[in-house]
Chemist: 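Before I ask anything, let me first share the structure, which is written out below as structure tokens.
Values below: all heavy atoms of this structure, side chains included; hydrogens, waters and symmetry mates excluded. Reminder, nothing fancy here: chain letters follow the sequence lines and each chain counts from 1. Worth saying up front: this structure is predicted, and the values here are computed from it rather than measured.
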Amino acid sequence: MGELAVDKHVKYIISVEKKKDSFESVVMDHLRMNGAYWGLTTLDILGKLHDVDADEVISWIMKCQHESGGFAGNIGHDPHMLYTLSAVQVLALFNKLDVLDIDKVAYYISGLQNEDGSFSGDIWGEVDTRFSYIAICCLSILRCLDKINVEKAVNYIVSCKNLDGGFGCTPGGESHAGQIFCCVGALAITGSLHHVDKDLLGWWLCERQVKSGGLNGRPEKLPDVCYSWWVLSSLIMIDRVHWIDKDKLVKFILDCQDVENGGISDRPDDAVDVFHTYFGVAGLSLLEYPGLKAIDPAYALPVDVINRIFFSK
Amino acid sequence: MDSDEGDREPLSRRAEWSDVIPLPQDDGPNPVVSIAYKEDFRETMDYFRAIYQADERSPRALCLTREAILANPGNYTVWHFRRLVLQALNADLYKELDFLQQIANSNAKNYQLWHHRRWVIERLGADARAKELELNKEILSRDTKNYHAWSHRQWVLQALGGWEDELDYCHCLLEQDVFNNSTWNQRYFVITRSPFLGGLKAMRESEVRYTVKAILAQPNNESPWRYLRGLYKDDIEALVDDPQVSSVCLKVMNTKSNYIFALIMLLDLLCNGFQPSQEFRDAVDALWTSDTHPLDSDLAKAICYILEHVDSLRAGYWMWRKSKLPQAA
């Protein structure tokens with residue numbers, strides 16, 4: 001089996017900020033906040049977060065906050081749940097949650113809960129279980145889950161449960177590993193995992209492993225490194241990870257590396273990006289690959305960061 | 001990217017934009033994840049920023065948001081502003097649908113595009129329904145598993161109706177590709193929610209026949225096996241008692257190929273009280289050719305043992321299933 005090219009990946013992530021004239025960079029302008037979360041969390045898992053200037057990051061993050069309390073993907077953009085979570089997660093990495101006016105952020109998020117318990121991504125009203133996860137994860141990190149109607153939120157998520165034990169984006173939506181991660185994560189954080197049929201879902205999730213050892217997100221689809229996170233973290237949260245072949249998955253992720261230039265791609269020999277680099281490294285951390293910091297499967301942050309939030313003071 | 005990209009005239013040289021001072025991106029003094037820009041894109045966004053800051057909701061603003069969307073369709077702020085402009089101008093939303101359809105192919109997995117489409121349809125209402133379901137089919141024809149397209153389709157059906165032809169549509173798609181899990185999911189959506197079909201129980205018998213046919217055509221297909229189980233949701237006894245279900249397991253096992261899902265279904269039936277005849281025992285025995293490791297006399301245990309070996313990626317799961325079997329009487 002190959003090895004994880006740690007130094008190359010660190011160099012790759014840091015170089016992403018310096019890359020010129022790359023279409024990929026152009027296209028990432030509005031989601032720079034997500035990019036910061038993916039890149040910085042990866043650096044932390046690899047033990048290199050100290051290489052980054054925390055103050056610069058934090059100052060930029062705060063410039064992305066709006067009057068409403070929500071954060072935008074970048075300066076000059078509108079606020080949205082997606083970037084609000086990433087902002088809070090990055091601040092948590094740096095142990096700087098205290099720079100936040102927590103009530104303000106909580107007000108933004110709680111304002112996006114709908115009558116049926118679902119959440120919209122922003123004032124424009126798109127509903128998706130991704131936003132249920134974001135709201136619950138974010139408010140949990142900020143220690144103010146009581147600001148939303150948790151029971152209704154849970155009921156809505158349960159209404160998105162399908163006959164295969166999985167979850168979709170809305171009631172009746174096809175089970176999809178990404179949506180499953182969001183729903184299971186939200187249920188885990190709110191202490192509601194008893195709503196999950198763990199044996200049935202566990203089987204659906206372990207059926208995602210294909211011959212190459214990689215994981216797909218739905219039946220009959222191609223494997224992709226990002227599912228190493230979504231499927232794997234879900235299996236861990238429901239305590240069924242021993243149902244997949246871990247060694248084969250490790251090998252698949254390592255085969256997705258670009259060992260020359262750094263970075264990880266969706267599947268072997270494709271182009272790399274920060275998104276898949278993060279999910280590949282995070283997946284390896286869940287698989288207990290040596291030398292990596294442990295990552296929490298529900299919060300998608302290093303375990304020491306979560307411990308600091310919940311168990312210190 | 002749009003094909004007229006190469007012929008684009010810089011905004012700075014267009015007469016209708018001469019009164020606007022473009023606003024550059026403010027990354028702060030030391031950008032954290034600084035983004036390198038192509039010159040055209042930079043210019044388009046500088047002008048957009050000026051219009052956005054001035055909150056100018058004019059026809060030229062509408063054109064500019066179109067250019068900005070074509071340059072970077074993931075930029076959600078531009079989509080938001082476009083909606084504000086469309087509202088302010090009381091614009092023709094049917095034309096907006098045409099615009100969306102033009103860019104649908106290169107942006108079929110773009111969240112902003114789909115949400116914007118929904119926003120437009122919400123405003124057009126039931127009149128737009130038939131055309132929308134047709135246009136949605138066009139998008140699905142290029143990628144029959146597009147999660148956004150299916151999610152949108154479900155929303156249109158529930159918000160505006162149009163259920164009548166949906167089961168036929170599912171059948172068409174399954175004829176083209178019986179492995180498509182999205183289509184099987186949609187089939188379940190239709191039979192359980194369509195106001196024209198009478199619900200799950202009423203549809204069960206015909207759906208079981210349909211599913212068994214699909215299984216026999218391609219037995220190593222995960223979706224119809226799950227669908228079959230779903231037809232008996234909350235009614236496992238009826239699943240066990242339905243001879244169509246046990247017989248399809250037997251038929252597939254007897255072909256001695258692509259039998260994994262058949263074995264799994266038989267295992268589930270046994271775990272829920274199915275009493276197998278000798279045929280079932282013989283069929284399972286015929287799948288195992290090793291003399292050194294004879295199969296367990298308990299059929300369920302034997303099946304778990306086989307699955308551990310033929311579905312070895314999931315050996316951990318099969319060993320767990322075996323451990324959960326009731327001890328032989």
Side-chain angles (χ1 to χ4, degrees), chain A residues 16-23 25-32 35-36 39 52-53 56-57 59-60 63 72-78 80 121-122 124-126 128 162-164 168-170 172-176 202-204 206-207 209-211 213 218-221 240 242-245 248, chain B residues 23 25-38 41 45 49 52-53 71-81 83 111 114-115 118-119 145 147 150-151 154-155 158 179-182 185-186 188-189 192-193 221-223 226-227 229-230 233 312-317 320 324:
Chain A
V16 160
E17 23 173 326
K18 300 194 178 94
K19 242 199 269 193
K20 301 283 177 207
D21 291 328
S22 129
F23 182 62
S25 310
V26 150
V27 150
M28 282 207 10
D29 167 70
H30 57 282
L31 50 73
R32 188 182 294 179
V52 173
D53 184 331
E56 274 179 32
V57 179
S59 146
W60 164 72
K63 285 197 186 136
N74 203 347
I75 295 166
H77 280 266
D78 292 342
H80 195 288
D122 63 13
W124 292 97
E126 184 189 2
D128 186 322
N162 293 317
L163 53 93
D164 49 26
C169 60
T170 44
E174 188 186 1
S175 293
H176 180 290
W203 177 46
W204 189 94
C206 76
E207 282 286 345
Q209 190 162 33
V210 297
K211 272 212 175 73
R218 291 180 274 170
E220 297 294 323
K221 295 221 74 185
R240 301 286 187 269
H242 46 289
W243 287 357
I244 58 159
D245 185 325
K248 280 196 140 176
Chain B
L23 292 183
Q25 172 84 357
D26 173 16
D27 285 341
N30 292 303
V32 169
V33 184
S34 81
I35 307 291
Y37 299 108
K38 288 166 144 186
F41 175 76
M45 291 317 297
R49 235 169 261 117
Y52 174 74
Q53 298 263 19
N72 185 7
N75 188 323
Y76 66 99
T77 304
V78 177
W79 286 100
H80 292 182
F81 192 68
R83 287 194 277 279
Y111 280 103
W114 285 103
H115 181 240
R118 188 175 303 200
W119 181 85
K145 301 184 186 183
Y147 196 82
W150 281 113
S151 172
Q154 289 189 345
W155 174 79
Q158 295 202 284
F179 289 92
N180 189 326
N181 192 65
S182 307
N185 183 74
Q186 185 72 351
Y188 196 78
F189 183 78
T192 49
R193 291 167 197 252
N221 184 355
E222 193 177 336
S223 308
R226 287 189 189 278
Y227 186 78
R229 204 172 316 234
K233 177 172 152 54
S312 56
L313 272 177
R314 281 164 277 279
Y317 176 67
W320 174 80
K324 283 287 176 220

Chemist: Please identify, among Tyr111(B), Tyr52(B), Phe179(B), the residue contributing the most non-hydrogen atom pairs under 4.5 Å to chain A.
Modeler: Tyr111(B)
Chemist: Classify the ring geometry of Trp124(A) against His80(B): parallel below 30°, tilted from 30° to 60°, perpendicular beyond 60°.
Modeler: tilted
Chemist: Checking heavy atoms, do the side chain of Arg118(B), its backbone, both or neither come under 4.5 Å from chain A?
Modeler: neither
Chemist: Which one, His176(A), Glu126(A), Glu207(A), leads in non-hydrogen pairs under 4.5 Å with chain B?
Modeler: Glu207(A)
Chemist: Looking only at heavy atoms and a cut-off of under 4.5 Å, which of Trp119(B), Tyr188(B), Phe189(B), Tyr227(B) has the most pairs with chain A?
Modeler: Tyr188(B)
Chemist: Using modelled atom types and a 3.5 Å cut-off, is there a donor and acceptor pairing between side-chain atoms of Arg314(B) and backbone atoms of Gln209(A)?
Modeler: yes
Chemist: Hydrogens and angles aside, do Gln154(B) and Gln186(B) bring a side-chain donor and acceptor to less than 3.5 Å of each other?
Modeler: yes
Chemist: For a quick check under 3.5 Å, do Glu222(B) and Asn181(B) share a side-chain donor-acceptor pair by atom type?
Modeler: no
Chemist: So which residue, Asp245(A), Asn162(A), Ile244(A), Thr170(A), ends up with the most heavy-atom pairs under 4.5 Å with chain B?
Modeler: Asp245(A)
Chemist: Does NZ or CZ of Arg226(B) come closer than 6.0 Å to the centre of the six-membered ring of Trp203(A), within 45° of the ring's axis?
Modeler: yes
